Trainee: 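Following this message is one structure expressed as structure tokens.
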Amino acid sequence: DNAAIACFAELGVSTTTYSHPVAMTVEEQSTHVGHLPGVLTKNLLVKDKKHGTFLVVAWEGRNTKDTKTLGKLIGLEGKTNLRMADEATLDKTLKVKKGCLSYMAVLNDTEGAVTMCIDKALLDQEIVNAHPLRNDMTTAVAPAGISAYLAKCNHEPKLLDFGPLDVNAKPAAAASGGGASGGAKPAKAAKQPKQPKQPKKNAPTQNKKQQKKGGALVYTKEGDFAEWYPEVVEKSEMLSYGDISGCYILRPWGYAVWEQIQRWFDAEIKDLDVENCYFPMFATKGQLETEKDHVEGFAPEVAWVTKSGDTDLPEPIAVRPTSETIMYPEYAKWIHSHRDLPLKLNQWCNVVRWEFKYPTPFLRSREFLWQEGHTAHASKEEADEMVLEILSLYKQVYEDLLACPVIKGVKTEAEKFAGGDFTTTCEGYIHGSGRAIQGATSHQLGQNFGKMFEISFEDVDNTTKIPFQTSWGLTTRSIGVMIMVHSDNKGLVLPPRVAPVQVVIVPIPKKGVEREV
């Protein structure tokens with residue numbers, strides 16, 4: 001009575017189905033059927049607000065965590081924001097429960113809401129094993145049968161080129177068999193004698209408790225950059241992990257670096273007649289939705305307050321992901337004449353962007369510290385000049401304070417700040433990962449926000465005009481960039497201009513004079 005298996009039978013496709021205990025992940029599935037012929041698959045339902053929903057089926061050994069790379073493999077153009085679909089979307093589009101997803105689920109997508117994407121290397125294998133809409137069974141099918149099945153379901157797949165498939169790299173599965181559907185259970189594979197474990201390349205020699213106690217670094221910058229970086233950050237006491245994923249504790253050593261950046265930058269912007277202020281961290285839903293393109297750009301990251309104690313709020317309140325929609329209604333009250341311009345304000349504060357894509361200390365967190373400047377000008381030329389002056393200051397922060405070389409540039413249309421005219425940026429390069437990283441941005445907002453929030457002024461010629469606005473921000477990400485650039489296999493390395501301690505004297509006394517020393 002399984003609809004997927006029945007579909008194969010209708011097509012005349014030969015299948016073999018094995019029953020086994022419930023397997024929520026491909027790793028669990030491998031322990032039950034990994035000894036069988038064929039390969040297993042990773043299955044992800046991802047969605048992008050502009051590009052749609054995609055079912056990605058890849059060989060179990062693929063790295064599917066990097067959603068930016070995944071978007072490129074799928075062929076998405078422009079700005080992308082791929083996210084894992086939640087269980088409600090999974091149930092609504094493919095009508096399967098969590099842990100039951102496979103290519104066979106497209107049978108339930110009768111409205112064509114999901115684009116099927118498959119690792120093209122899978123189609124070169126003899127057998128592909130996958131769940132038939134339930135995760136206590138695995139069905140083995142040849143690639144030709146899979147192609148016929150997808151055609152029957154009107155889901156011609158996009159073929160994703162992850163590169164060649166190395167089945168020898170497949171993790172060893174436990175030697176336990178599942179029961180074959182409609183027949184006797186296959187015999188268990190003979191138990192193999194245990195082999196001594198070989199140490200992995202760059203593998204830690206300490207257990208996790210030992211690693212967290214401090215001491216020398218376990219990982220190397222060249223061998224495993226992704227493990228080395230968080231180890232440096234934590235063992236150097238720059239930062240600790242909070243109980244909520246993506247929320248970090250800035251320890252005194254790390255916060256002191258941020259204070260050095262604050263002092264320097266705050267003095268520089270005050271020389272440009274920028275004044276400090278502070279606005280509330282909450283925004284009404286109406287405020288946030290005033291500028292359509294702006295809210296679309298931040299919608300997936302907005303955290304909402306919906307309750308006060310046990311009482312539901314009349315309207316959800318957003319925790320600021322940025323402050324344009326909080327500040328600009330006030331700008332409309334304060335700006336009336338050309339004499340009120342330029343208005344140049346900055347605030348040092350925290351913001352919340354509830355990112356679900358693999359939080360990383362300092363670099364990508366759900367709450368972070370920053371400064372955000374917001375200015376209004378009578379002319380475009382003044383606003384353009386402000387954007388570039390701030391960009392030059394950001395370059396100085398990185399190069400003069402943090403000793404990290406950066407390149408100034410302009411973001412593409414797809415990457416610019418949501419709702420703005422153009423975005424300038426300082427981009428750094430991380431040698432350990434081989435990737436560029438955004439350091440800080442300065443945006444020319446044009447008159448778009450002025451129109452949305454009805455900000456206007458009477459010019460010297462008695463005509464009513466809309467001011468040109470800018471916004472710009474530098475975050476604690478700068479500390480992470482500095483750590484990745486300078487630190488080494490011995491630990492944290494700090495540039496002298498931001499190091500809280502400049503010199504440490506370690507006395508090595510001669511025997512017999514320890515007390516005098």
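Note that this is a predicted model, so its numbers are computed, not measured.
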Trainee: Would you give the length of the straight line joining atom CD of Glu231 to atom CG of Asn489, rounded to the nearest 0.5 angstrom?
Mentor: 10.0 Å
Trainee: I'd like to check the salt bridge (charged side-chain N to carboxylate O under 4.0 Å, His left out) partners of Asp124; sequence neighbours left out, ordered by chain and number.
Mentor: none
Trainee: About how many Å separate CD of Glu222 and OG1 of Thr220, when rounded to the nearest 0.5 Å?
Mentor: 5.0 Å
Trainee: Ring-plane angle category for Tyr229 and Phe225, please: parallel below 30°, perpendicular beyond 60°, tilted otherwise.
Mentor: parallel
Trainee: Between Arg134 and Asp136, does any side-chain N to carboxylate O distance fall below 4.0 Å?
Mentor: yes
Trainee: Are the charged groups of Arg62 and Asp119 less than 4.0 angstrom apart, N to O?
Mentor: yes
Trainee: Please list all pairs passing the ring pair (Phe, Tyr, Trp, His ring centres under 6.0 Å) test where one or both residues lie in residues 116-142, with sequence neighbours left out.
Mentor: His20-His131
Trainee: Sort and list the pairs that fulfil ring pair (Phe, Tyr, Trp, His ring centres under 6.0 Å) and have at least one residue in residues 71-97, not counting sequence neighbours.
Mentor: none
Trainee: Between Arg435 and Glu427, is there a side-chain N and carboxylate O pair less than 4.0 Å apart?
Mentor: no
Trainee: For residues Cys100 and Val96, report the shortest heavy-atom separation together with the two atoms involved.
Mentor: CB-CB, 4.3 Å
Trainee: Just by modelled atom types, is the Ala113 backbone N or O under 3.5 Å from a matching donor or acceptor in the Asp109 side chain?
Mentor: yes
Trainee: Salt bridge (Lys or Arg N to Asp or Glu O under 4.0 Å), that's the test. Do Lys97 and Asp91 meet it? Break it down for me.
Mentor: CA-CA 6 Å; Lys97 301 299 182 184; Asp91 183 61; 3.7 Å; yes
Trainee: Below 4.0 angstrom, N of the basic side chain to O of the carboxylate: do Lys152 and Glu10 qualify?
Mentor: yes
Trainee: With sequence neighbours excluded, tell me which residues meet side chain to side chain contact (heavy atoms under 4.5 Å, CB included) with Lys92.
Mentor: none
Trainee: Counting neighbours of NZ on Lys42 that are heavy atoms of other residues, nucleotides or ligands and sit closer than 6.0 Å, is the number greater than 12?
Mentor: yes
Trainee: Test Met84 against every option in Leu90, Thr67, Val46, Thr89 by the side chain to side chain contact (heavy atoms under 4.5 Å, CB included) rule and name the one that passes.
Mentor: Val46
Trainee: Can you tell me if CD on Glu454 sees more than 12 non-hydrogen neighbours from other groups inside 6.0 Å?
Mentor: no
Trainee: What pairs with Cys349 under side chain to side chain contact (heavy atoms under 4.5 Å, CB included), at least two apart in sequence or on another chain?
Mentor: Tyr278, Arg320, Gln347, Trp370, Glu372
Trainee: At what distance, to the nearest 0.5 angstrom, does NZ of Lys158 lie from SG of Cys117?
Mentor: 6.0 Å
Trainee: Please find the pair of heavy atoms, one from Tyr103 and one from Ala130, that lie closest to each other, and give the distance.
Mentor: CE2-CB, 3.7 Å
Trainee: Which one of Asn63, Thr64, Thr69 satisfies the side-chain hydrogen bond (donor to acceptor under 3.5 Å, both in side chains) criterion with Asp66?
Mentor: Thr69
Trainee: Only counting residues at least two apart or in another chain, list the ones meeting salt bridge (charged side-chain N to carboxylate O under 4.0 Å, His left out) with Glu156.
Mentor: none
